[in-house]
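Owing to the predicted nature of the structure, the values given are computational and were not obtained by experimental measurement. Chain letters run A, B, ... following the sequence lines, proteins first and then strands; every chain starts at 1.
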Protein chains: 2
Amino acid sequence: MAGTKDRIVGTTGELFRRQGYTGTGLKQIVAEAGAPFGSIYHFFPGGKQQLAAEVIRTSGRAYQQLVEAILDQAPDAVTAVETGFAAAAETLVATGYADACPIATVALEVASTDETLREATADVFAAWVDSGATRFERWGFGPADARRLAIVLITSLEGAFVLCRAARSTEALTAAASAVTAAVRAAQAGVSSPEER
Amino acid sequence: MAGTKDRIVGTTGELFRRQGYTGTGLKQIVAEAGAPFGSIYHFFPGGKQQLAAEVIRTSGRAYQQLVEAILDQAPDAVTAVETGFAAAAETLVATGYADACPIATVALEVASTDETLREATADVFAAWVDSGATRFERWGFGPADARRLAIVLITSLEGAFVLCRAARSTEALTAAASAVTAAVRAAQAGVSSPEER
DNA sequence: GTCTATAATACGATAGAC
DNA sequence: GTCTATCGTATTATAGAC
């Protein structure tokens, strides 16, 4: 089965991840999705922008669930972080450094050019932060630390993706993971400033 | 003065930072640079790709010197990190969340679509890492830790830029800074893996 | 070298037959 | 609801006058 609309959203998500928003044409989308051109404007009367908004939210939700599945298997925060970054590195290599964050490229493109789509990316990131914070709280951190660590986790992952895709190397993911675990351990020790040791 | 070529490169850099590579047209570039259209192909026979390659390397070098100037004023690594992230946040707010990393958007766009430009972005990031590593060595870290911390610094900055520009908030930069300082302090303590405590 | 006009093509979007 | 043909307008790139 797989309805035409879902097929359009799915392939658009893959194309956005590799080529970005402005770099992906509607013609290419329908060609790769095996859909007639008119279907886009039938399902998305708002055109490319409306399609993009739905793609951002859909792929953002899917990626969140993927990461949650990995994090929820880990017994503690440090293990979760290490497993998550290792999985990200594996995916990156397996896809020829193409499949990293599904919305980062689009997020940077639209941040200063399209307010509607910027809000869509902001909503996705906010949901990711909430999801991560919930898990850090489960692992015993207070609300403030949990939120901060969730942001650290996501920013480190996003930044590493940028360097890894450019350099075609996973080194940045390894380095970033070490910083996140350092931040986690510092919070576990109850200090976000130095002192003891 | 300011030669036509330099003016084209400069405005292209500003446009790339806000709109990305595919989102910026050559017509818009010459219009904003106050240059005739033909000048682009006079100075850059290779067209948009050659112009982009030069813009990536030029703006990458400029941003590196800007960051180095900030880092070199700090007495120690932690102060340098904190000052650097604070400066980035100030710039971000002052420019309406437009001026973050000059090449990140382009780097993600071309990573899987243009091998020539991907290499240009990779070279820039590599130079940044070397520059940062040199400074961490100056602050007393061994070569391996220095390189790792430099990568941590850059990835954290890049990732925070993504979230900050999307959310129009500097919270991610603050959180990211705390992780970098945690990583720096962990390296200072001589442990990058757990054990003692 | 500077600048303009234009070619060839791709874009997003629309109209309308089926 | 599916599909095609097409409309304007963008794009990159080129040719050629000055």
Novice: Determine whether B:Glu109 and A:Thr105 satisfy the following criterion, side-chain hydrogen bond (donor to acceptor under 3.5 Å, both in side chains), listing intermediate values before the conclusion.
Specialist: CA-CA 6 Å; B:Glu109 283 182 282; A:Thr105 310; over 6 Å; no

Novice: In B/S/- notation, 5' to 3', how is nucleotides 7-14 of chain C contacted by protein heavy atoms closer than 4.0 Å?
Specialist: ----BBBB

Novice: Establish whether B:Val129 and B:Ile70 are linked, either directly or via other cluster members, by ILVMFWY side-chain heavy-atom contacts under 4.5 Å.
Specialist: no

Novice: I'd like the 5' and 3' limits of the part of DNA chain D contacted by chain B, with heavy-atom contacts below 4.0 Å.
Specialist: D:dT11 to D:dT14

Novice: Among B:Arg18, B:Gln19, B:Arg165, whose side-chain hydrogen bond (donor to acceptor under 3.5 Å, both in side chains) with A:Ser112 holds?
Specialist: B:Arg165

Novice: Suppose the criterion is ring-ring contact (aromatic ring centres under 6.0 Å, His included): which pairs have a residue in residues 134-166 of chain A, not counting sequence neighbours?
Specialist: A:Phe136-A:Trp139, A:Phe136-A:Phe141

Novice: May I ask you to test the B:Pro36-B:Val30 pair for a side-chain heavy-atom distance under 4.5 Å?
Specialist: no

Novice: Could you tell me which residues satisfy side chain to side chain donor-acceptor pair (under 3.5 Å) with A:Glu115, sequence neighbours excluded, listed by chain and number?
Specialist: A:Arg118

Novice: Could you note down all residue pairs passing ring-ring contact (aromatic ring centres under 6.0 Å, His included) where residues 44-63 of chain B supplies at least one of them, sequence neighbours left out?
Specialist: B:Tyr63-B:Trp128

Novice: Less than 4.0 angstrom from a charged side-chain N to a carboxylate O is my criterion; do A:Arg147 and B:Glu171 meet it?
Specialist: yes

Novice: Within the 4.0 Å heavy-atom criterion, would you say A:Phe44 contacts the bases, only the backbone, or no part of the nucleic acid?
Specialist: nothing

Novice: I'd like to check A:Thr174 versus A:Phe85 (side-chain heavy atoms, cut-off strictly below 4.5 Å). Are they in contact?
Specialist: no

Novice: Tell me, which of residues 8-18 of chain A have any heavy atom that sits under 4.0 Å from an atom in DNA chain D?
Specialist: none

Novice: Would you call A:Lys5 and A:Glu54 a salt bridge, using N to O less than 4.0 angstrom?
Specialist: yes

